[in-house]
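Naming convention: chains lettered A, B, ... in sequence-line order (proteins, then strands); numbering from 1 in each chain.
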There are 2 protein chains.
Amino acid sequence: MPLAMDVKDIDRLDKIIQRGRPIQSGEHLYRAGDVFSSIYAVRSGSIKTYLVDDEGVEQITGFYLPGEVLGFDGIDNTDHGCNVVALETSTVCEIPFNRLEELTLQIPTLQRHFSQLMSRQIKSDHQMLLTLSKKNAEGRVATLLSSLSHRYSRRKLSPNALRLPMSRMDIGNFLGLTIETVSRTFSRLQKENIIDVDGREVVINNHDRLNEICHKNR
Amino acid sequence: MPLAMDVKDIDRLDKIIQRGRPIQSGEHLYRAGDVFSSIYAVRSGSIKTYLVDDEGVEQITGFYLPGEVLGFDGIDNTDHGCNVVALETSTVCEIPFNRLEELTLQIPTLQRHFSQLMSRQIKSDHQMLLTLSKKNAEGRVATLLSSLSHRYSRRKLSPNALRLPMSRMDIGNFLGLTIETVSRTFSRLQKENIIDVDGREVVINNHDRLNEICHKNR
DNA sequence: CGTGGGATTGAAATCTATCAAGGGCTGTGG
DNA sequence: CCACAGCCCTTGATAGATTTCAATCCCACG
């Protein structure tokens with residue numbers, strides 16, 4: 001967890017954490033409607049979450065990289081609200097929620113940690129609302145690249161060279177664009193020398209220009 | 001709170017709740033950057049929350065009606081992440097967060113209640129992501145009307161006749177559309193006899209057709 | 001009675017979706 | 001080793017939806 005905790009408390013949390021077998025690319029960790037019992041932290045690989053509405057329309061709600069926690073949307077119910085699938089071979093920590101609740105009674109600070117994680121999820125979702133509501137195709141793609149870059153660099157990886165774990169179709173679904181528009185946007189950013197693209201390999205040549213474009217609106 | 005709680009527990013919660021003076025239309029309850037100390041439940045009137053990015057672009061992140069709780073996005077920090085302003089003269093319950101945290105230690109179920117409220121916020125935000133990402137102007141406007149109708153009827157008000165508390169500009173900002181498009185969409189829905197519009201007064205003539213349009217995608 | 005903000009409507013411009021074709025890579029099987 | 005299918009991605013041309021620009025209306029209010 002990215003937040004400060006007492007060593008003894010971490011030990012106690014560690015005990016209830018279960019480490020599962022690896023999930024293969026395309027395999028579901030769980031599906032909407034499955035019984036809710038745990039939240040999950042990504043250990044390795046990458047994960048996408050998506051929801052499906054009455055009409056079968058799918059919306060990817062987030063991409064999760066190692067260290068990031070998912071599953072908070074299931075707490076209000078007995079079952080999960082969204083589908084979770086691996087984008088590549090991945091491993092996760094399972095954190096059983098009922099045992100977590102018991103533990104929060106013993107470790108008051110732990111409760112706040114989890115409130116904070118949920119609060120961050122809400123903030124991040126609100127940023128995404130702004131992206132979808134106010135930005136054009138370039139702004140949306142640039143915002144995604146910038147976000148991934150930040151998150152990779154927080155994991156001590158290069159902020160300049162990244163391998164996208166998701167397909168163009170996933171990107172388009174997430175950003176509310178067609179794959180053609182995503183592809184064209186990548187090409188345009190490359191032509192302007194802001195990035196180099198080769199399939200899923202992306203090199204960011206000019207972070208400043210990229211950040212400018214993040215704020216480019218409709 | 002919309003969830004089951006023990007009467008004695010409700011009393012204890014009631015004691016820490018502060019009832020503030022009314023907030024006038026356009027007045028801020030708090031602003032982004034203000035010290036976070038409380039979450040709020042709307043008692044009467046209506047409230048909008050919005051965030052402002054680096055470039056000054058505003059995004060309305062939600063409209064809140066009586067009985068609905070806001071402010072969860074401030075928990076991860078010492079200060080609030082968004083701005084909160086009244087759409088009309090409104091009253092709110094202030095729920096001081098540190099006292100709430102103490103109380104959750106005494107009332108274990110209370111903690112779950114709050115986790116559930118946050119979880120619902122996340123789910124609702126994810127639905128909104130789908131709306132912005134996958135629906136056209138008609139679908140977005142219809143979805144907002146349907147949502148307001150549901151929420152009014154839960155408050156024992158008519159699901160057919162409603163007075164919009166927000167301006168066309170607010171609707172457009174929230175839905176990622178210009179006011180012109182919002183206006184034209186209202187007019188089109190009226191021409192098809194699905195709704196009657198007179199300024200902020202809306203009558204829903206045909207819920208079935210409205211719900212169909214909710215799922216109309218780009 | 002004039003003023004100003006919000007709302008509506010029309011016409012043109014712009015962006016993205018759609019339709020269509022083709023490229024590149026991988027894995028499989030002859 | 002090569003041919004081929006399948007998938008993902010790219011690119012081009014056209015169509016369609018929404019934005020932009022502009023004019024007007026409406027109504028509350030001073």
Checklist entry - Between Ile179(A) (CD1) and dT18(C) (P), how many Å, whole number? => result 11 Å

Checklist entry - Does Thr181(A) or Gly199(B) map to a spot on DNA chain C nearer the 5' end, using the closest nucleotide for each? => result Gly199(B)

Next on the checklist: Determine whether a donor-acceptor pair (N or O, by modelled atom type, separation under 3.5 Å) exists between the side chain of Thr143(A) and the backbone of Gly139(A).
Outcome noted: yes

Item to check | Protein-nucleotide distance (Met169(B), atom CE; dT20(D), atom C1'), rounded to Å | outcome: 14 Å

Next on the checklist: Rounded to whole Å, how long is the line connecting atom CZ of Arg140(B) with atom P of dT18(D)?
Outcome noted: 8 Å

Checklist entry - Any luck finding a side-chain donor-acceptor pair between His126(B) and Asp73(A) under 3.5 Å? => result no

Checklist entry - When the distance from CD of Glu201(A) to P of dC9(D) is rounded to whole Å, what number comes out? => result 13 Å

Item to check | Exam field: side chain Asp34(B) to backbone His80(B), donor-acceptor pair closer than 3.5 Å | outcome: no

Checklist entry - By a strict heavy-atom criterion of less than 4.0 Å, which residues belonging to residues 184-196 of chain B are in contact with DNA chain C? => result Arg184(B), Ser187(B)

Next on the checklist: Determine whether a donor-acceptor pair (N or O, by modelled atom type, separation under 3.5 Å) exists between the side chain of Arg168(B) and the backbone of Gly199(B).
Outcome noted: yes

Checklist entry - Between atom CG in Leu177(B) and atom P in dA17(D), what is the gap in whole Å? => result 14 Å

Checklist entry - Atom CZ of Phe72(A) and atom CD of Gln121(A): how far apart are they, to the nearest 0.5 Å? => result 7.0 Å

Checklist outcome for this item: In whole angstroms, the gap separating P of dC8(D) from CG of Asp170(A) amounts to 10 Å

Item to check | Presence of salt bridge, Arg21(B) and Glu27(B), under 4.0 angstrom | outcome: yes

Checklist entry - Is a side-chain donor or acceptor of Lys134(A) paired with a backbone partner of His215(A) at a separation under 3.5 angstrom? => result no

Checklist entry - Is there a donor-acceptor pair under 3.5 Å between the side chain of Ser46(B) and the backbone N or O of Leu65(B)? => result no

Checklist entry - Base, sugar-phosphate, or nothing: which does Ser167(B) touch, judged by heavy atoms less than 4.0 Å apart? => result sugar-phosphate

Checklist entry - With the sugar-phosphate defined as primed atoms, P, OP1 and OP2, and the base as all remaining atoms, what B/S/- string results for nucleotides 22-30 of chain D, 5' to 3', for protein heavy atoms under 4.0 Å? => result ---------

Checklist outcome for this item: Taken to the nearest whole Å, CG/Asn173(A) to C1'/dA17(C) is 15 Å

Checklist entry - What is the distance, rounded to the nearest whole Å, between atom CG of Asn136(B) and atom C1' of dT16(C)? => result 13 Å

Next on the checklist: Once rounded to the nearest 0.5 Å, what's the spacing between atom CG of Leu164(A) and atom CG of Asp170(A)?
Outcome noted: 10.5 Å

Checklist entry - For dA17(C), does either OP1 or OP2 sit under 4.0 Å from a side-chain N or O belonging to Thr178(A)? => result yes

